[in-house]
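Working notes for the structure below.
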Protein chains: 2
Amino acid sequence: MPYDPSAFPPFAVTVDLVVLTVRRHALCALAVRRGEPPFQGRWALPGGFVRADEDLAQAAARELAEETGLRTHNPAVPAQDNGAHLEQLATYGDPKRDPRMRVVSVAHLALAPDLPAPRAGGDASNARWAAVEELLQQGGYGRDGEPVAPLAFDHAQILSDGVERARSKIEYSSLATAFCPTEFTVGELRRVYEAVWGVALDPRNFHRKVTGTPGFLVPTGGTTTRQGGRPAQLFRAGGATLLNPPMLRPEV
Amino acid sequence: MPYDPSAFPPFAVTVDLVVLTVRRHALCALAVRRGEPPFQGRWALPGGFVRADEDLAQAAARELAEETGLRTHNPAVPAQDNGAHLEQLATYGDPKRDPRMRVVSVAHLALAPDLPAPRAGGDASNARWAAVEELLQQGGYGRDGEPVAPLAFDHAQILSDGVERARSKIEYSSLATAFCPTEFTVGELRRVYEAVWGVALDPRNFHRKVTGTPGFLVPTGGTTTRQGGRPAQLFRAGGATLLNPPMLRPEV
DNA sequence: GTGTTTATCGTCAGGCAGACGACTATGATC
DNA sequence: GATCATAGTCGTCTGCCTGACGATAAACAC
């Protein structure tokens, strides 16, 4: 027994993605250039319509795969593969957020290691990793001196919310490992925290903390010198998802 | 320039509400009885369609007012009034969650003090406060011996997510005061924590903790004996929204 | 007055975090 | 190959917070 369609207003439902990674000590987000109005030529978050037979999480995973080639791993399964972490962020439904029609966007947050190069449907020039700081500054000039236009729609707000979610969530969960390759060193993990929080952490206290938290890190036995200096132990993410006690973000 | 409506599937968008309060030392949620199919006669969370010109938060606030008469206070303004706290929870969009058609529900979480009596559009017999524990148990028997039917749709999942959000959020924010009247005692606040977490807390350590956290509580100067025993100081919620250090939920 | 209830203050030991010294093992440079 | 720079790892110390719990205070019921 379908509803009388006149009994409620019809909406378009989309998923938008905040895809974060850490590159060159900076927190970066995936941005795509819009090829059509509105906001033609401006940068935006990747996203698209939810299909008729699709769950929201499925739609987000599909969009993520289309834009980056990344698989999503099931949160119930420990992070063994190189898949990205994906979770729902929030939903944005201001009646005027899209000038064309009523669109409700279910934003998702994805965290990925540095490996992948962007590929927006095969067209790399229309997708890039940009420093979050750069994407969020209003009307300034980017690192290359070009003027920076604000993100399309309410995507600056969405990106800001996603970054805040990531910043707080790595405090009390093992999510920071989602930014790292399968095997990583304590120093690499520390640089993730430093990039996401934008602070400097004491390497000695950090090492004590993460190696002392049960279930956070599992040593693989191997070592690496890819960061220079003394060889460092390699670790994989442990089974723990919630850190107790949590990592403490230094005061500002 | 409107979209071609055939370019995307149309959705109905609703808001559903998880309205929590603490009554008689138990965490309770507002439930309404469904008057029509599907799930006719079953209990469900209050909610309704988002109107064409309405923001999601507006729709949630409107539904909350319709069901409880509660005003919502702006999170930017300190909680001076008796308004409820309202925040977006998560969005549920499984294609089969409503058998009639494709409905995406943006669930919201509301926290309210004990005062209000339910009034589902004027019909009190179709709305009630029920212990969360009772609403979430599958196929058991309630306190009154009546058999308990599970909540309609995916509302058990939504309620469960809302409760979990509340449980974790009172750890690191001053949100527990949203369950209290404007003026309250340390003991009353402690009983809120005990009801939400389902644990017993040491009154002495709790008192030291909350009175020692800057910005959490502001003494009003008054006292009360409404709980019996020695008169207790009255407090209002302070300006702080984030607690640092957080309240610690005891291990299970 | 005695007992009960609730609020509030104090004490003490254990644990964790921040600050920081010291040592180790690599690659780079001369 | 000696020296330097870099990064990793182990310890120490001190202060703060927490949990456990004793003791006191101020109301009410009888």
Side-chain angles (χ1 to χ4, degrees), chain A residues 22 24-25 170-172 180 183-195 197 199-236 240 242-252, chain B residues 24-25 170-172 180 183-195 197 199-235 240 242-252:
Chain A
V22 174
R24 283 177 274 116
H25 291 200
I170 64 174
E171 288 187 54
Y172 59 88
C180 295
E183 296 200 345
F184 54 89
T185 71
V186 172
E188 290 165 345
L189 183 63
R190 175 169 49 81
R191 280 180 279 277
V192 165
Y193 275 91
E194 291 180 331
W197 284 345
V199 298
L201 299 175
D202 185 291
R204 297 158 290 189
N205 292 336
F206 184 87
H207 187 277
R208 178 183 59 190
K209 185 69 196 276
V210 296
T211 55
T213 299
F216 194 6
L217 300 182
V218 177
T220 66
T223 62
T224 181
T225 62
R226 62 181 171 227
Q227 297 291 338
R230 170 177 165 178
Q233 274 190 81
L234 285 169
F235 294 87
R236 276 185 292 105
L242 255 46
L243 303 183
N244 198 357
M247 302 293 300
L248 291 187
R249 173 158 36 163
E251 314 277 328
V252 181
Chain B
R24 282 178 273 117
H25 291 198
I170 64 174
E171 287 188 57
Y172 59 88
C180 294
E183 295 200 345
F184 54 90
T185 70
V186 173
E188 290 165 346
L189 183 63
R190 175 169 49 81
R191 280 180 277 276
V192 165
Y193 275 91
E194 291 180 331
W197 284 344
V199 297
L201 299 174
D202 185 290
R204 298 158 290 192
N205 292 335
F206 184 85
H207 188 278
R208 178 183 60 190
K209 185 70 197 276
V210 295
T211 56
T213 299
F216 193 5
L217 299 183
V218 177
T220 67
T223 62
T224 182
T225 64
R226 62 181 171 229
Q227 296 293 336
R230 170 177 166 179
Q233 276 189 80
L234 285 170
F235 294 87
L242 255 45
L243 302 184
N244 199 356
M247 303 293 300
L248 291 187
R249 173 158 37 163
E251 314 278 327
V252 181

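Numbered from 1 within each chain, the chains take letters A, B, ... in sequence-line order. Keep in mind the model is a prediction, meaning the values are calculated, not measured.
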Can you tell me the distance, in whole Å, between the [atom1] atom of [X] and the [atom2] atom of [N]?
X        : N      : atom1 : atom2 : result
A:Leu217 : D:dG8  : CG    : C1'   : 14 Å
B:Asn244 : C:dA17 : CG    : C1'   : 13 Å
B:Leu201 : C:dT6  : CG    : P     : 15 Å
A:Leu234 : D:dG8  : CG    : C1'   : 12 Å
B:Phe206 : C:dC9  : CZ    : C1'   : 17 Å
B:Glu188 : C:dT8  : CD    : P     : 11 Å
A:Leu248 : C:dG15 : CG    : P     : 18 Å
B:Gln227 : C:dT4  : CD    : C1'   : 15 Å

Practice task
Evaluate the side chain to side chain contact (heavy atoms under 4.5 Å, CB included) criterion for residues B:Val192 and B:Ile170: first the C-alpha distance (whole Å), next the side-chain angles of each, then the deciding distance (0.1 Å), finally the verdict.
Solution key: CA-CA 10 Å; B:Val192 165; B:Ile170 64 174; 5.5 Å; no
Exercise for the section: Take A:Val210 and A:Met247, measure what side chain to side chain contact (heavy atoms under 4.5 Å, CB included) needs, and give me the verdict at the end. Expected result: CA-CA 8 Å; A:Val210 296; A:Met247 302 293 300; 4.1 Å; yes
Problem - Backbone N/O of B:His25 and side chain of B:Glu194: donor-acceptor pair under 3.5 Å - result: no
Would you mind listing every salt bridge (Lys or Arg N to Asp or Glu O under 4.0 Å) that reaches into [range], with sequence neighbours excluded?
range                       : result
residues 204-216 of chain B : B:Asp202-B:Arg204
residues 212-231 of chain A : A:Glu188-A:Arg226
residues 213-222 of chain B : none

Problem - A:Thr223 OG1 to A:Glu183 CD distance, which is reported to the nearest 0.5 Å - result: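 It is 10.5 Å, given to the nearest 0.5 Å.
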Exercise for the section: Quick one: pull up NE2 in A:His207 and CG in A:Leu189 and give me the separation to the nearest 0.5 Å. Expected result: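 So the gap between those two atoms works out to 11.0 Å.
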OP1 or OP2 of [N] less than 4.0 angstrom from a side-chain nitrogen or oxygen of [X], does that happen here?
X        : N      : result
B:His207 : C:dT8  : yes
A:Lys209 : C:dC16 : no
A:Arg191 : D:dA7  : no

Fill in the blank from the handout: Students should find that the end-to-end axis angle of the helix from C:dG1-D:dC30 to C:dC30-D:dG1, with five pairs defining each axis and rounding to 10 degrees, is 10°
Problem - Test ring pair (Phe, Tyr, Trp, His ring centres under 6.0 Å) applied to B:Tyr193 - qualifying residues, sequence neighbours left out - result: B:Trp197, B:Phe206
Practice task
Go along nucleotides 20-30 of chain D 5' to 3' and tag each nucleotide: B for a protein heavy atom under 4.0 Å from its base, S when only backbone or sugar atoms are that close, - otherwise.
Solution key: BBBB-BBS---
Practice task
Among the candidates D:dC10, C:dA17, C:dA7, find the nucleotide nearest to the side-chain atoms of B:Thr185.
Solution key: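 Ranking D:dC10, C:dA17, C:dA7 by closest atom to the B:Thr185 side chain puts C:dA7 first.
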